[in-house]
4 protein chains.
Amino acid sequence: MQPPKQDRILQAALTTFGQRGFHRATMEDIALSAGVGKGTLYLYFPSKQALLEEIFRTGLEAYTTGLQAIASGPGSAARRLEEMAAFALGFAAANREFAGLVQEGPVGMREEFKRWLWGLRGRILNAVREVAADGVGAGEFRPLDPGLLAHVFLGGIHSLAAAIVWDAARHDPAATARSLVDLILAGARPPGRHAVPGAGAS
Amino acid sequence: MQPPKQDRILQAALTTFGQRGFHRATMEDIALSAGVGKGTLYLYFPSKQALLEEIFRTGLEAYTTGLQAIASGPGSAARRLEEMAAFALGFAAANREFAGLVQEGPVGMREEFKRWLWGLRGRILNAVREVAADGVGAGEFRPLDPGLLAHVFLGGIHSLAAAIVWDAARHDPAATARSLVDLILAGARPPGRHAVPGAGAS
Amino acid sequence: MQPPKQDRILQAALTTFGQRGFHRATMEDIALSAGVGKGTLYLYFPSKQALLEEIFRTGLEAYTTGLQAIASGPGSAARRLEEMAAFALGFAAANREFAGLVQEGPVGMREEFKRWLWGLRGRILNAVREVAADGVGAGEFRPLDPGLLAHVFLGGIHSLAAAIVWDAARHDPAATARSLVDLILAGARPPGRHAVPGAGAS
Amino acid sequence: MQPPKQDRILQAALTTFGQRGFHRATMEDIALSAGVGKGTLYLYFPSKQALLEEIFRTGLEAYTTGLQAIASGPGSAARRLEEMAAFALGFAAANREFAGLVQEGPVGMREEFKRWLWGLRGRILNAVREVAADGVGAGEFRPLDPGLLAHVFLGGIHSLAAAIVWDAARHDPAATARSLVDLILAGARPPGRHAVPGAGAS
DNA sequence: GATGAATGAGCGTTCATTCAT
DNA sequence: TATGAATGAACGCTCATTCAT
């Protein structure tokens, strides 16, 4: 009962949405879990939708901001990628309920909010893209499509995050991040073997 | 009115679920879209849930089977990865509505069906993992964690697929697949530069 | 498949109504049980209601007619009452499904049909009433309200019939009829004891 | 709006079920009649079924308890029978709607509840049976089957009650009860006339 | 502010009935 | 005559939201 009521409600909503899914969760469930009356929810949030959106907004904003801060921070491109990966995986591990909810997808959201989500996704992709472009500019990376690297990097992270959420197994975000970045930087081919032009189309 | 009624209904359901989301779509919407009476839906599918699950089952089974066939087919590991990427991106491009629906996530599905989905996901990851292991065994790839490669590979593909679905822009699956695989195989570092132990902390 | 189709349908409807109750029985159930197509039912009966009413009509008409025949037949009043009781109990025992259905009551019947039923009930009460009046007129019975005797007589029979239907136990209609009539004719008091005016207030 | 809402709803349900029959009555009808919203019904009763069962339970429990109290009370057997008859007929007259509903039969009830009803019926029959057995034991009645007397007694009462419900005519429960019991006690035969052995089978 | 009783729009599902074959 | 695929009106029930206290 110590945290301000608004936070208690958000936490209760997060838990409830996570457990039962957005549509199966009722406002009564949430009120019960928050230890407040049903009507009280509406003093702090105008609707069930708004509750969900607020959770998404707050959580994803923190996630995005964290990634952007690292992206625009100091260090080599490789170093920053590794930090971003560690941050993202650590975020998922530290916020399983939230991560699970996000994986349920943009269920029943207003079109407008879906666009905001898509924009956010773009901001994250952009952050990675810029790091990649930095790397290319600095000669740290070979010339490559920064956008493609962003998809592979983030896609890999989110796939791993999904596994973390589902398996409930312990993972070491830092170690996983190191391996992931190593794979992406060094590639799968053995050192010394060069790509043969046109090899892919043989 | 030519395609058999069951297919008309599935198609209508796919479209309606895709446009409005599972929960907002009503059986009446679907019936209208299929050009049949509401009761007719129940002659072919026992419930709204079943309709959704049938769509997922059919589509994802085809997707998974396609990937598995390539994975266990002939060709070098690199070659197979490229074909799988091309197949996956082509599948998403050719089935935008379905791909979009899948991205909505397992909304409101029975726990049992969620487990089936998760198992399917495992089968797909496994297919990639095996190709990766083949590559490592044949010396085509350096020693690496096949599971990690699977996450990076599939994560990258699904991230690109999401972009394809949203942007409605034209993409060339084959070309994108080539670039993607090239990046993963060769890595982001310039050729000749080797990973320096501890380089990430420069 | 030998009995004419109309009878097969009626029999199937009787069984199905009896097993599931009128509202829970579906026309499909009945068609299945009769071994005909659903549409065929409507060639013989205009509606589900009509099917039920026809069953009631046929069965109750036979019941009523049987009772009336005995009532207006030969024999002493006591003798006729005994025959009527035996007939009624035998009818219930021989037509359990039908008797059970009747005990479910006039479920969902049109007001018009309910009136017909009520009229039928009146005809049966009248038949007994006339026998009672005969008995009084002939000095076989003491002066009494024939209508009251009709209620007691039929009420007793129907209460016993309900027990027969529910218990599925074997009963001997003739013996039960004899006991029933004996009780009603001789009364519960020991022979020789006369009703003492005001005795009830002792 | 004065009686507590639960009672208003029960009353409205009783009336509506009585007028339209259980299956034709809709929850909306009932809500309208009770002057509350449709959803409100579900705050007090979990389902339409439950509403019906509650009506039956409450009413029949009162009826049964009343009869049992008289049966196990003081007084001669004859006296108690008369009081029970008066109570039963008075109950029907005072609760016409309820009595009519009961006569509709156990429509659409769960098998479990039907068994409860049947058990209740057994309790009532038993109450009468015990009074009859008392009478026999005390020499007040001649040796007779108490169960048979119970069927005749209750059957007669319920037949009369049905007439009361349908006719909407004024009846005097006490007087009718007196006549009924007199008939059953003294029998239909003129005083002094004894049953001739074998007469029934002549 | 806080509550929870009350509301009623909305939806999945059933099934008697129709009608093209 | 016989069929059963197709229909859509009808209804029980849920739950987000409101508002009197």
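Because only heavy atoms are used, hydrogens play no part in the values below, and waters and symmetry mates are left out as well, while side chains stay in. All of these numbers come straight from a predicted model, not from anything done at the bench. We name chains A, B, ... by the order of the sequence lines, and we start the count at 1 in each one.
Between the CD1 atom of A/I30 and the C1' atom of F/dT17 there is a distance of 13 Å, given to the nearest Å. Computed from coordinates, the B/M27 CE to E/dG10 C1' distance equals 15 Å when rounded to whole Å. We find that CD of B/E28 is positioned 9 Å from C1' of F/dG8, with the value rounded to whole Å. Atom CZ in C/R20 sits about 14 Å away from atom P in E/dT14, given to the nearest Å. The CZ-P distance, from A/F45 to F/dT17, rounds to 14 Å in whole Å. In this structure, D/Q6 places its CD atom 15 Å from C1' of E/dA6, rounding to the nearest Å. Here E/dG12 presents its C1' atom at 11 Å from CG of B/L41, a figure rounded to the nearest Å. In this structure, the OH atom of B/Y42 is 16 Å from the P atom of F/dA9, given to the nearest Å.
Residue C/T26 is in sugar-phosphate contact alone, with no base atom involved, counting any heavy-atom pair closer than 4.0 Å across all strands shown. Nucleic acid contact class of C/A25 (heavy atoms, under 4.0 Å, all strands): sugar-phosphate only. As judged by a 4.0 angstrom heavy-atom cut-off over every strand, B/Y44 is placed among residues touching the sugar-phosphate backbone only.
Of the residues C/I55, C/D29, C/V107, the one that meets the side chain to side chain contact (heavy atoms under 4.5 Å, CB included) test with C/F17 is C/I55.
Comparing C/P46 and A/G39 by the nucleotide of DNA chain E that holds the closest heavy atom to each, the one mapping nearer the 5' end is A/G39. Nearest-nucleotide positions on DNA chain F place B/L43 closer to the 5' end than the other of B/L43 and D/Q49. For B/H23 and A/V36, each mapped to the nucleotide of DNA chain E holding its nearest heavy atom, the one lying further toward the 5' end belongs to A/V36.
Between A/G59 and A/F91, the shortest heavy-atom contact is O-CZ, 3.6 Å.
Nucleotide E/dA20 forms a pair with F/dT3, judged by Watson-Crick or G-U wobble geometry with both contacts under 3.5 Å.
Ion pairing of B/E104 with A/K114 is present here, as a side-chain N (NZ or NE/NH1/NH2) and a carboxylate O approach within less than 4.0 Å. The pair D/E53-D/R57 counts as a salt bridge, with a side-chain nitrogen and a carboxylate oxygen less than 4.0 angstrom apart.
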Q: Starting from the C-alpha separation in whole Å, work towards a yes-or-no answer on side chain to side chain donor-acceptor pair (under 3.5 Å) for B/T58 and B/E54.
A: CA-CA 6 Å; B/T58 311; B/E54 182 61 22; 3.2 Å; yes
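In terms of polar N and O atoms assigned as donor or acceptor, the side chain of D/K38 comes within less than 3.5 Å of the base of E/dG10 in a complementary pairing.
For B/K5, a side-chain nitrogen or oxygen approaches OP1 or OP2 of F/dA6 to under 4.0 Å.
Closest to the A/T40 side chain, of the nucleotides F/dA6, E/dT3, E/dA6, is E/dT3.
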